[in-house]
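Report on the structure given below.
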Amino acid sequence: MTTTEKPAARVVLGDEAVALGALHAGVTAAYGYPGTPSTEILEYLLRTSGPGPKVAWCANEKTAYEAAIGVSMVGRRALVTMKHVGLNVAADPFINSALVAIGGGLVVAVADDPGMHSSQNEQDSRYYADFARILCLEPSDQQEAYAMTRRAFDLSEQFHIPVLIRLVTRLAHSRSVVIPAQPQAESPLGVLPDGSEWTLLPANARRRYADLLDRQPALLAYSEQAAVLQLASSELGVITTGIARNYFLEYQAELDYQPSHLHIGTYPIPIEAVRQLAGHVDRIVVLEDGYPYVERLLRGLLPEPVPIDGKLNGRVPAAGELDPDVVRQAIDGEDRRPADLPDLAGRPPQLCRGCPHADSFHALIDAMVELEGPLVCSDIGCYTLGALPPFRAIQSCVCMGASIGMARGAVDAGYRPAIAVIGDSTFLHSGMTPLLDAVADDTDLTVLILDNHTVAMTGTQPTLVPSDRLPVIVQGLGVDPDHLHVLRASHKGEADLVAAIKKEIAHRGVSVVIAERACIEAVKRIRKERS
Amino acid sequence: MKMDIILAGVGGQGVLSVSAVIAGATARLGWQVKQSEVHGMAQRGGAVSAHLRMADGPVFSDLIPRGRADLILSLEPMESLRYLEYLSPTGTIATDIEPVSNIDNYPDLDALLQSIRTARASILVDATALARQAGNVKAANMVMVGAVAHMLPVTEEALISEIHRTFDRLGEKVLQANLEAIRLGIVAGAANRSYPATA
Ligand code: SF4
């Protein structure tokens, strides 16, 4: 860096603060798969990083994570981003990357979705960090998201472990000012590390695991000094993690006493800090977004020496996200919810007017009219809205790619007919392997691929391969070309689509129908970018 | 001083642009601003909301506590009531009166507007019609920014320059429509303020 000028303050989303932190930490490459609420991290880098780091959407979170490990292996810094359930997909490389001798900083930013604003569960990524025995940093605001991301790269290199940044929706998607610090240059390419530290053969893995265990006290010592403990009133001790701190501080201004307060933003849980707090107060309230991770450890199995209030005794709702009102009630026990609220009609999300999926669903419904109890397993994307009226066309959505595998299982169990409905991007993410299973077994299954040329739900990111390559891939997996059809998803083309779906459902064996037309939001975006 | 606003509407109406214009102008005053947005699934034609918090001191929570919002600023009449529990008893509801009836069970509009009028102080504006008049029906969101301009901590001029910053890159026609929209909104907001009859 030749410039000594500090970069200017800017208003960014929590996600964008992570991106900026990575950029200023001299990141060499950033990978990810789009998923709400994590998408804006990579989007920001794609928009602003110019000729700087390599930034790429990947086929799925696992391939993204593996690419990031490779960057670290040759001594440079890598960021990998995903939503919480994406870490399930990347769990294999993630857990094992804790056993190799991380070289360049490896930071995985995972955005959890307490309250399930846009997800199928509210799993808590702090458990994953614990499972892998690595450090987890949980920022409480945008400034901390920036600073912690930068620090995460240093910590990763200092302790030779990947470091997990845990975000939640309310921080990921909230905008505020970030004051950046002096950016750092990219690290030089390193020398090749000793292969035995990267080849997890049992003999090496045992040695590496012992080494990881040896580093645990150092990780704990780090989180002890990062904990923020303020001993005040002995009446109440409040433990906050992440953004719960903000809700507590908001309320604290109204209290006529000052509770003692321990804020945890770095894990493993700082044991000494917790003990000090517990030794000082008569009651503890634990405020954490997600699962009762800290609370469970605090309670343990034996009788509590200090009464603890939290999600496990119902003082804080066990499901859903925290908010200022939940936090107020957890502290003073008073329910302030207004009683007389207007009873309004709900307004669930729905497919955009002119959406190609609508035409595909109409065709699918038409093609199935005469069938008795057809099973339609579906997947994750805008088309999951096909479960709602007016379509009610699908019966399941479990995880990325599950449509094909589940339909196959139903067929194996004796159910007929079974249809899988999956989007193009979801198919490339996790649908190819179960289709391979079905081909290998010639399962009596029809797969309807809804090809809208984009990853629509998360904001129309480009799919990995252009639409015209999709049939080639399907054929390459071994699907018989006679039972592979590419048709247009449009009102005009509906009769043809109905005929093809009907014919292939009747066929005893694997068949694939690709219903293709670009998402109208993607078309709008492309038009905007051109003008 | 502080100003907490719940922004409401239906996915695709431009709720986030409303938030961006008000937040941008207020941040330039040196105020602290936090703006919590909705991305993802709900944006597809569903009910969307955003919390915009602004203060000349620190803002901690990204979310507004219930009963504390100063203003509900909505781009759709039914949506203006969805977050009523957040509005302070002395708060104001400002909304476009043009419904988005993309659901079967949409309530009777007159009854709906009446319940808004009786709930709190209100500013009911036919923003969609005014936006059409301004040359771009999508600028209804900026009509609504104009309609509440007198309540915001920033001047009308500051909002107008923020519109310049936001819409300049989208071409002269879009910019002019949005500028006209906020001007029409400023006039309409002043003319359409009403208070519930005191019991
Ligand atoms: S974003 Fe695209 S795919 Fe999703 S509902 Fe709208 S048109 Fe359909």
Side-chain angles (χ1 to χ4, degrees), chain A residues 11 13-15 35-37 39-40 113 117-119 140-142 169-177 243 245-253 321-325 327-328 336-338 341-342 344-353 355 382 384-385 389-390 456-459 521 528 531, chain B residues 9-12 16 19-20 23-24 27 31-48 50-53 57-68 76 78-87 89 100-107 112 115-116 119 170-171:
Chain A
V11 176
L13 292 173
D15 273 350
T36 313
T39 314
E40 292 79 4
D113 190 15
H117 297 277
S118 216
S119 308
S140 65
D141 61 18
Q142 292 78 357
T169 305
R170 291 302 181 180
L171 175 55
H173 287 169
S174 174
R175 230 175 258 283
S176 196
V177 174
I243 64 169
R245 163 151 78 180
N246 308 334
Y247 303 142
F248 170 64
L249 291 179
E250 176 101 17
Y251 181 45
Q252 195 191 37
E321 63 183 344
L322 296 181
D323 66 25
D325 303 290
V327 164
R328 274 204 273 178
R336 295 181 183 76
R337 264 169 309 178
L341 286 175
L344 290 182
R347 196 192 300 265
Q350 45 188 267
L351 296 176
C352 304
R353 203 171 299 156
C355 173
C382 289
T384 316
L385 297 172
M457 177 68 90
T458 48
E521 285 293 318
K528 218 187 235 175
S531 68
Chain B
V10 177
L16 294 187
S19 187
W31 280 34
Q32 293 249 5
V33 173
K34 275 194 175 176
Q35 179 190 340
S36 179
E37 307 176 354
V38 169
H39 297 210
M41 189 163 237
Q43 282 176 297
R44 303 271 165 268
V48 294
H51 290 215
L52 177 56
R53 313 201 67 192
V59 177
F60 293 114
S61 165
D62 299 86
L63 299 175
I64 302 170
R66 286 172 177 76
R68 304 285 177 94
E76 206 280 343
M78 182 170 76
E79 296 309 318
S80 76
L81 287 177
R82 197 176 297 284
Y83 312 98
L84 195 57
E85 57 180 319
Y86 286 93
L87 190 60
V100 177
S101 23
N102 62 349
I103 49 169
D104 299 336
N105 47 347
Y106 198 90
L112 183 65
S115 45
I116 297 171
L170 296 181

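Lettering follows sequence order; numbering is per chain, from 1.
For chain A, the nearby parts of B/L63 are the backbone and the side chain; heavy atoms of each come within less than 4.5 Å. At a 4.5 Å heavy-atom cutoff, the contact between A/L13 and chain B is made by side-chain atoms alone. For a residue to count as touching a neighbouring chain, one of its non-hydrogen atoms must lie under 4.5 Å from one of that chain's; by this rule A/A172 does not touch chain B.
A salt bridge links A/D323 to B/R66: at least one charged side-chain nitrogen sits closer than 4.0 Å to a carboxylate oxygen. A salt bridge links A/E250 with B/R53: the closest approach of a Lys/Arg side-chain nitrogen to an acidic carboxylate oxygen falls below 4.0 angstrom.
Within a 6.0 Å sphere centred on CG of B/N105, heavy atoms belonging to other residues, nucleotides or ligands number more than 12.
Taking every heavy atom of both residues into account, B/S36 and A/R170 meet most closely at OG-NH1, 3.5 Å. Closest heavy-atom contact between A/S176 and B/V33: OG-O, 2.9 Å.
For the pair A/R353 and B/N102, the minimum side-chain heavy-atom distance is 4.5 Å or more.
The closest donor-acceptor contact from the side chain of B/D62 to the backbone of A/S174 lies at 3.5 Å or more, if one exists at all. Within the 3.5 Å criterion, the main-chain N or O of B/V100 finds a donor-acceptor partner in the side chain of A/R347.
Looking at residues two or more places apart in sequence or on another chain, you find a side-chain contact (heavy atoms from CB on, under 4.5 Å) between B/P107 and B/M78, B/L112. Under the rule for a salt bridge (charged side-chain N to carboxylate O under 4.0 Å, His left out), the partners of B/R82 that lie at least two apart in sequence or sit in another chain are B/E79.
Counting heavy-atom pairs closer than 4.5 Å to chain A, the top residue among B/L52, B/I103, B/V59 is B/I103. Per-residue heavy-atom pair counts under 4.5 Å with chain B were compared for A/G459, A/G346, A/S119, and the maximum is reached by A/G346. Heavy-atom pairs under 4.5 Å with chain B peak, among A/A253, A/A456, A/P324, at A/P324.
For the atom pair OG (B/S61) and CD1 (A/I243), the distance works out to 8.0 Å, reported to the nearest 0.5 Å. B/Y86 OH to A/D325 CG: the interatomic distance, rounded to the nearest 0.5 Å, is 6.5 Å. In this structure, B/F60 CZ and A/F248 CZ are separated by 10.5 Å, a value rounded to the nearest 0.5 Å. Distance CG/A/L171 to NZ/B/K34: 8.0 Å, rounded to 0.5 Å.
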